[in-house]
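Below, all heavy atoms of this structure are taken into account, side chains as well, without hydrogens, waters or symmetry copies.
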Amino acid sequence: MRTLLGRWNPLAAAIWFYASSRPGIISEGISPRAIRFIVRLHSARIAVYAAAVLLAPWLTIGSVALFAAATIIFGLPNPFLERRFAELGLT
């Protein structure tokens, strides 16, 4: 399952990068702040997973902790993210 999720997030980030750089693809009702937030959210997840993979050979416990943190922050309901989505009109 982790491999499947690891493949979809870079794809989602690439789609957002592409769509946000082309006028008319994303609804005009979505603000540039919301687009930047979504791109950063996808990029942050990729960075956390990359750090966990790079850390694994030397510090296995730290790597597992990063994978767990990424799952908790990005996979489970997160009040901070839900609040940000509501502020940006993405609910």
Side-chain angles (χ1 to χ4, degrees):
M1 185 64 154
R2 183 182 72 210
T3 305
L4 178 63
L5 293 175
R7 289 183 184 157
W8 285 110
N9 197 61
L11 177 62
I15 289 170
W16 270 103
F17 281 125
Y18 176 82
S20 66
S21 66
R22 309 273 186 305
I25 293 179
I26 297 177
S27 171
E28 293 179 13
I30 298 178
S31 71
R33 283 183 56 215
I35 293 168
R36 282 191 305 273
F37 177 72
I38 292 170
V39 169
R40 287 181 185 151
L41 188 63
H42 283 292
S43 300
R45 188 173 187 172
I46 293 168
V48 170
Y49 281 127
V53 168
L54 293 173
L55 187 63
W58 298 282
L59 190 60
T60 307
I61 301 281
S63 177
V64 171
L66 282 176
F67 275 111
T71 300
I72 291 168
I73 293 169
F74 300 111
L76 298 176
N78 184 326
F80 168 74
L81 293 178
E82 291 174 13
R83 227 178 7 258
R84 284 290 289 160
F85 286 141
E87 289 171 7
L88 297 169
L90 298 172
T91 55

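- Not a single side chain to side chain contact (heavy atoms under 4.5 Å, CB included) links Ala50 to another residue, sequence neighbours left out.
- Evaluation of the side-chain hydrogen bond (donor to acceptor under 3.5 Å, both in side chains) rule for Glu87 yields Arg84 as partners, not counting sequence neighbours.
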Inset, instruction - Would you check, one step at a time, whether the test side chain to side chain contact (heavy atoms under 4.5 Å, CB included) holds for Leu54 with Tyr49? - result: CA-CA 9 Å; Leu54 293 173; Tyr49 281 127; over 6 Å; no
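- Taking 4.5 Å as the limit, every side-chain heavy atom of Arg45 sits out of range of all side-chain heavy atoms of His42.
- A distance-only check finds a donor-acceptor pair linking the side chain of Ser63 to the backbone of Ala52 [under 3.5 Å].
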Less than 3.5 Å apart, which donor and acceptor atoms pair up between the side chains of residues 64-79 and the rest of the protein, not counting sequence neighbours?
unit_1	atom_1	unit_2	atom_2	d
Thr71	OG1	Phe67	O	3.0
Asn78	OD1	Phe80	N	2.9
Asn78	OD1	Leu81	N	3.4
Asn78	ND2	Ile73	O	3.2

